[in-house]
Amino acid sequence: MLNLRFIQENPELVIEKLKKKNFDASEIVGEISELYKKKNEIQSSADQVKAEMNKLSKEIGQLFREGKQAEANVAKERTSVLKDSIKQLDEDFAKIDEQVFELQVQLPNIPCDLVPAGKTPEDNEIVKTGGEMVDLGENKLPHWELASKYDLIDFELGVKLTGAGFPVYKGKGSRLQRALINFFLNEAVEAGYLEIQPPLMVNEDSGFGTGQLPDKEGQMYHVTEDNLYLIPTAEVPVTNLYRDVIVDAKDLPIKNTAYSACFRREAGSYGKDVRGLNRLHQFDKVEVVQVAHPDKSYAILDEMVAHVEGLVQKLGLPYRILRLCGGDMSFTSALTYDFEVYSAAQEKWLEVSSVSNFESFQANRLKLRYRDEQTKKPVVAHTLNGSALALPRIVAALLENNQTADGIKVPEVLVPFCGFDTIN
RNA sequence: GGAGAGAUGGCAGAGUGGUCGAAUGCGGCGGUCUUGAAAACCGUUGAUCUUCACGGAUCCGGGGGUUCGAAUCCCUCUCUCUCCGCCA
């Protein structure tokens, strides 16, 4: 969420910048401004009355100790007016504070200047294309057919056990998954990330901290009995490690990586987008998260993009990197790069990673700060994260792109992890 | 699931109605001493809101109440720990 003071001091800027996200903030910002002024007025009145009350209470205590009962009782009578007034002011304050907060959380993050204008995915900017496109010829099979041909993934069994979108991986299919997870984690650890194994369920506070709640409630599986949410990404528990934390400036950047299963309800998805591995309710992903000094966060974003690029290159997949346009970006992001790999049988690009700088948007919610070395004061940090990588679509592309008449070739980098070089 | 205990500053831990944003210890920071370091000693060390500033207000798990006055008393919720049961 955006800082209140920042909104108050830069209303025009906020409105102008949010236009790029196709968000008309003028009404909300206007209301916030008005309420904020009122809030300050109430607070200053309340503070004054409270100060008087505190003073009076001390005097009464003093009188009692001196045994001046009568004087004390006279003074007591004067407090009742103050008391009522405090109660009223506190109520008004709480109400208006709540109103401001509700408006505040409705404002999306401000996109950074690099973000291209646009409304739909077609407006995203392709910043780089890499890897070799393969020509599979006539007999190419989509990954779901390959998965069934080599008995790697059983979608029907998943339906039997749970429902659509919960595939069962078998044999070399399962081992390939495990190999990818290990490969990705090793690469991240080598790049200096600390490996974390987070809980797969989080509470409401954590959901709020990273921005899933309150708005995207419907995207997460909710265990109502215990009021816990299944994580849609390891970003949620890992970033929330730093909720309500003030870190030393010298500990920045903090680099964490985590493998986790991810759970998404994907309400509203339908059609051929959900075929095979293209869109699942449960999938595996390795995530990288960083907590950064504000001055460094954009350099770090580039570093993270380079890390993810290294992964797809090592896997030998044709890829492209997109800079998301204002209309396609998430609510919380200031700048996002998406990675897509080309799935040669489906003949389409599949999103496999999203790397974002949230600047202080999450950190404001999280109360995640670092202590400035000069001023010794807490300053809100920046947070970033990226998939490195999400497995299903990587698997889809690997199966499709590497298919031959004799079987599916496994990328060399994965062979040490899975123990075979061909699926046949 | 049953029974009990507890939640205080970075950590440990005191505080059962006013002088308590809170003793003390550890840790952190600055200094003295030292060739340097350690030890010792001295000082310092929470956050938020508000104000140009002085200052003021709020915060002892969350919410509510009693009182002139609450970390302290009452109600309620949440969470944690211990023991028993069950169990990977």
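We name chains A, B, ... by the order of the sequence lines, and we start the count at 1 in each one.
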For side chain to side chain contact (heavy atoms under 4.5 Å, CB included), just list the numbers for A/Ile96 and A/Tyr36, CA-CA rounded to whole Å, side-chain angles, deciding distance to a tenth of an Å, and then say yes or no.
CA-CA 8 Å; A/Ile96 213 160; A/Tyr36 185 83; over 6 Å; no
Would you tell me if any nitrogen or oxygen in the side chain of A/Tyr36 comes within less than 4.0 Å of OP1 or OP2 on B/U50?
yes
Between B/G25 and B/U80, how far apart are the two C1' atoms, rounded to whole Å?
24 Å
Working note: A/Asn240 + A/Arg243, criterion side-chain hydrogen bond (donor to acceptor under 3.5 Å, both in side chains); need CA distance, chi angles, decisive distance, verdict.
CA-CA 5 Å; A/Asn240 272 280; A/Arg243 172 153 49 83; 2.8 Å; yes
Quickly work out the A/Asn40 CG to B/C49 C1' distance and round it to whole Å.
8 Å
Ignoring the backbone of A/Ile246, work out which of B/A47, B/G18, B/G69 is nearest its side chain.
B/A47
From CG of A/Asp47 across to P of B/A57 the rounded distance in Å is 7 Å
Euclidean distance, atom CG of residue A/Leu89 to atom C1' of B/G56 [Å, nearest integer]
15 Å
A/Phe64 side-chain proximity, nearest of B/A47, B/U50, B/G18:
B/G18
Which of these nucleotides, B/A57, B/C68, B/U50, is closest to any side-chain atom of A/Asn54?
B/A57
Describe the nucleic acid contact of A/Thr79 in one word from base, sugar-phosphate, nothing, applying a heavy-atom distance below 4.0 Å.
sugar-phosphate
A/Lys50 atom NZ is separated from B/C68 atom C1', nearest whole Å, by 16 Å
Integer angstrom distance from the P of B/A40 to that of B/U50:
43 Å
Could you check how far CD of A/Glu9 sits from P of B/C49, rounded to whole Å?
12 Å
Nearest whole Å is fine: how far is B/U78 C1' from A/Leu228 CG?
13 Å
Ignoring backbone atoms, test whether A/Lys83 places a side-chain nitrogen or oxygen under 4.0 Å from the OP1 or OP2 oxygen of B/G69.
yes
Taking the C1' atom of each, how far is B/C74 from B/G17, in whole Å?
13 Å
Specify the separation, in whole Å, of atom CG of A/Asp244 and atom C1' of B/G9.
14 Å
Could you work out which one of B/U50, B/G69, B/A57 sits closest to the side chain of A/Arg5?
B/U50
Name the pairing partner of B/A47, where a pair is Watson-Crick or G-U wobble with both distances under 3.5 Å, or state none.
B/U58
Does B/U45 have its OP1 or OP2 closer than 4.0 Å to a side-chain nitrogen or oxygen of A/Arg371?
no
Taking the side chain of A/Ser57 as its heavy atoms from C-beta onward, which of B/A57, B/C68, B/U50 lies nearest to it?
B/C68
Nearest-angstrom distance, C1' atom, B/A47 to B/C41
31 Å
When you check the gap from the basic side-chain N to the acidic O, do A/Asp90 and A/Lys50 get nearer than 4.0 Å?
yes
Looking only at the side chain of A/Gln43 (C-beta and beyond, no hydrogens), which of the listed nucleotides B/G65, B/U48, B/U50 gets closest?
B/U50
Describe the nucleic acid contact of A/Ala75 in one word from base, sugar-phosphate, nothing, applying a heavy-atom distance below 4.0 Å.
nothing
